[in-house]
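As structure tokens, the structure follows; a few thoughts come after it.
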Amino acid sequence: MTGITGLSKKNTFVLTVRDTDVIAAALRQALADASPEERPGLERAVALVESTAAADEPRLRAGWVRSRLTAAGFTGDLASVEAVRALRQAEPGLSLLAAVRLQKEAVAHPE
């Protein structure tokens, strides 16, 4: 799970919180105990979790911005003023400065 904390009118920093290491360990244990029929699915799950865990923080924040905009129904240009406005509406505690920084990071790290 990825969570973004630290967003407020007074703070412009973003702290990324991930627990992929816990999930990966649980999946590896399940894989070790798995029947031959279960192994392919668990191997795929482990690979997905490990690839997500390898993602750097700017890419995670960019993905978070896109997911918030999608959830808000925004379908326009990510580099637009409207995108910043939609992001701030989706996250009311987000300062203008933080929203612009997050938007720029999302533009710099396309999917």
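None of these values were measured; they are calculated from a predicted model.
- For the pair Leu42 and Ala34, the tightest heavy-atom approach, listed with the atom from each and the gap, is CD1-CB, 3.6 Å.
- Looking at every heavy atom in both residues, Ala86 comes nearest to Phe74 through CB-CD1, 3.8 Å.
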**Request:** Go through the steps for Arg59 and Asp56 under the test side-chain contact (heavy atoms from CB on, under 4.5 Å), then give the verdict.
**Result:** CA-CA 6 Å; Arg59 289 198 186 281; Asp56 61 0; 2.9 Å; yes
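- Residues Glu82 and Asp77 fail the side-chain proximity criterion, which asks for heavy atoms closer than 4.5 Å.
- Rounding to the nearest 0.5 Å places CZ of Arg85 at 8.5 Å from OG of Ser80.
- Summarising the geometry of Ala106 relative to Ala62, their closest heavy-atom pair is CA-CB, 3.5 Å, with the distance given to 0.1 Å.
- Salt bridge Glu57/Arg61: present, at least one basic N to carboxylate O contact under 4.0 Å.
- Going from atom OG1 of Thr20 over to atom CG of Leu27 covers 11.0 Å, rounded to the nearest 0.5 Å.
- Ala24 and Val49 get closest at one heavy-atom pair: CB-CG1, 3.7 Å.
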**Request:** Could you please spell out the steps behind the side-chain contact (heavy atoms from CB on, under 4.5 Å) verdict for Leu102 and Leu94?
**Result:** CA-CA 10 Å; Leu102 288 167; Leu94 193 60; 3.9 Å; yes
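- Here the closest non-hydrogen pair linking His109 and Pro58 is CE1-CB, 3.5 Å.
- Counting only heavy atoms from C-beta outward, the side chains of Glu91 and Trp64 approach each other to under 4.5 Å.
- A salt bridge links Glu50 with Arg28; the closest basic N to acidic carboxylate O contact falls under 4.0 Å.
- Here the CZ atom belonging to Arg68 is positioned 8.0 Å from the CG atom belonging to Leu87, to the nearest 0.5 angstrom.
- Here the closest heavy-atom approach between residue Ala99 and residue Arg88 is recorded as CB-CG, 3.5 Å.
- Side-chain contact between Arg39 and Leu31: present, with at least one pair of heavy atoms (C-beta onward) separated by less than 4.5 Å.
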